[in-house]
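Let me begin by presenting the structure, written as structure tokens, before commenting on it.
Here is the naming used below: chain letters follow the sequence lines, and residue numbers restart at 1 for every chain.
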Protein chains: 2
Amino acid sequence: MSHLPGVRQARKQKTRQALLDAALELLEGQSLSSLGLREVTRAAGIAPTAFYRHFRSVEDLGVALVEEALGSLHPMIRTTVSTIGDGEERIARAIDLIVGHVDAYPAHVRFVTRERHGGVRPVREAIHGQLGLFTAEVAEALAADAVSAGWSREDVLMLAQLYVDLMLGTASLLLEGAREWERVSRVAARQMRLIGIGRAHWLDQPDGGG
Amino acid sequence: MSHLPGVRQARKQKTRQALLDAALELLEGQSLSSLGLREVTRAAGIAPTAFYRHFRSVEDLGVALVEEALGSLHPMIRTTVSTIGDGEERIARAIDLIVGHVDAYPAHVRFVTRERHGGVRPVREAIHGQLGLFTAEVAEALAADAVSAGWSREDVLMLAQLYVDLMLGTASLLLEGAREWERVSRVAARQMRLIGIGRAHWLDQPDGGG
DNA sequence: CCGTACGGAGAACAGTTGTTGACTGCATGG
DNA sequence: CCATGCAGTCAACAACTGTTCTCCGTACGG
């Protein structure tokens, strides 16, 4: 199929990456639906027409950005959430994961939180799909715990959704108020703890598992 | 100051409202940062230059939209969250409030959830401000419950934030999958129930109120 | 009842946008 | 080694953008 070095394809993916990087940087101050094709190519240092060699439209580039921002996150999620130990240990790991990721890839995080409810349908759907995968992975890990005995599949998923949404919300707060990261992560930890307590007592209620 | 009838001011606010309505409709398919001034005036049926008689820029109009979308919501929140009765009663009321509001003002809800993390700073800040007020109001109501005895102010706020975020997330899900409103509201109810359980057992932990 | 202030229309401006077609140079594969 | 394919450039296009300045009609306040 493709030769290993491929001087040709290497150059192509290089400028493709330049387009993605330029777009991501421009998106720090605006939404994808207002991002112009020429704007991106100008920032990437290539001619406007060359854009079409890589993407059909800016929407298309947006979908590729979703893959770049979220695709490589699955292994990290898995290893973090499947940590053994008490709840506090897991919470600390999760918070560290979020803070570290926001710190390492702020533009990616901003892009995802912004376009999750943004004005470009295909991008929204791509993000929603990836988050659905995350939710399923978290649910799988949660189901393996002893506390989840007797839980319905749907309830484990609703719990996982709670966690995933909380993590995204926390990431967004960390982005906006970078100077308050201590307070934000402390609140997030307490919210996770409270959810964990609710989880532990879920089946105490008469219709808890209904 | 202003005469009661004011044929002049009435006409002005009429076209001002036409601008807001037109913008809101156009925003169903795009983000605010890509909304053009001419686009809005065209949809509102007035000349582009007349726009400046009402707003200094599209950003400005966006901030006004935040006020329109969220400003009138405070009394509803207050009366809903201060319902007396057991937790289930309150949860049902809250879900009804959300579903009813999304059904009655879908464009407003879409605007808020989209621009909450959108690309226009002043609008983001206006939304954040309003949501902060909501959180404070919910916190006040929660603090009045017997279960909140011994809670720190900060913890009541973190609980309120959890509820507010959950309500917004639910509203957004209701918007996207209008056909699944039953499933979505059932999951949301269970999430609120779980949070309520965590709340009830919060002080069971040795360092719960720390 | 009249002068004025104000909401709105119109024309014009320099820029920018997405997309097209034809062209160039070079790595590739036979 | 040569012909092909493909990344990238350039020029041009009609359409659109935000903003300014000038003008018009009319409700308003004295």
Next item on the list: Look at the aromatic rings of B:Tyr105 and B:His101 and report parallel, tilted or perpendicular, splitting at 30° and 60°.
Entry: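 It falls in the tilted class, 30° to 60°.
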Next item on the list: Hey, can you tell me if B:His74 and B:Phe134 have their rings parallel, tilted or perpendicular (30° and 60° cut-offs)?
Entry: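 Rings of B:His74 and B:Phe134: tilted, 30 to 60°.
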Between atom [atom1] in [X] and atom [atom2] in [N], what is the gap in whole Å?
{"X": "A:Gln9", "N": "D:dG5", "atom1": "CD", "atom2": "P", "value": "16 Å"}
{"X": "B:Phe51", "N": "C:dG10", "atom1": "CZ", "atom2": "C1'", "value": "19 Å"}
{"X": "B:Glu39", "N": "D:dG18", "atom1": "CD", "atom2": "P", "value": "8 Å"}
{"X": "A:Leu35", "N": "C:dG18", "atom1": "CG", "atom2": "C1'", "value": "13 Å"}
{"X": "B:Leu19", "N": "C:dG7", "atom1": "CG", "atom2": "P", "value": "13 Å"}
{"X": "A:Gln30", "N": "C:dT16", "atom1": "CD", "atom2": "C1'", "value": "14 Å"}
{"X": "B:Tyr52", "N": "D:dT22", "atom1": "OH", "atom2": "C1'", "value": "16 Å"}
{"X": "B:Lys12", "N": "D:dC28", "atom1": "NZ", "atom2": "P", "value": "14 Å"}

Notebook entry, point to check: Hey, does the side chain of B:Arg42 come within less than 4.0 Å of D:dT17's phosphate (OP1/OP2), counting only N and O?
Noted result: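 So the side-chain polar atoms of B:Arg42 do come within 4.0 Å of the phosphate oxygens OP1 or OP2 of D:dT17, strictly under.
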Margin query: Judged by each residue's nearest nucleotide on DNA chain C, which is more toward the 5′ side, B:Ile46 or A:Arg38?
Written below: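 The 5'-side residue here is B:Ile46.
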Note to self: Using heavy-atom distances to pick each residue's nearest nucleotide on DNA chain C, tell me which of A:Leu37 and B:His54 is more 5'.
What the structure shows: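 Going by which nucleotide is closer to the 5' end, it is B:His54.
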Note to self: Looking at A:Gln191 and B:Met158, would you say the former's side chain and the latter's main chain have a donor-acceptor pair under 3.5 Å?
What the structure shows: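 Yes, A:Gln191 side chain to B:Met158 backbone: donor-acceptor pair under 3.5 Å.
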Notebook entry, point to check: Hey, does the side chain of A:Ser148 reach the backbone of A:Ala144 with a donor-acceptor pair shorter than 3.5 angstrom?
Noted result: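 Not at all, since once roles are kept as given, no pair shorter than 3.5 Å links the two residues.
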Below 3.5 Å, does any donor atom in the side chain of [X] face an acceptor in the base of [N], or the other way round?
{"X": "B:Arg53", "N": "C:dG8", "result": "yes"}
{"X": "B:Arg8", "N": "D:dC28", "result": "no"}
{"X": "B:Thr49", "N": "D:dC21", "result": "no"}

Notebook entry, point to check: Using a cut-off of 4.0 Å on non-hydrogen atoms, how would the nucleic acid contact of B:Thr15 be classed: base, sugar-phosphate, or nothing?
Noted result: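 Contact class for B:Thr15: sugar-phosphate only.
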Item checked: The single option from B:Arg186, B:Arg190, B:Arg193 passing salt bridge (charged side-chain N to carboxylate O under 4.0 Å, His left out) against A:Asp155 ->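 Of all the options given, the one that passes is B:Arg190.
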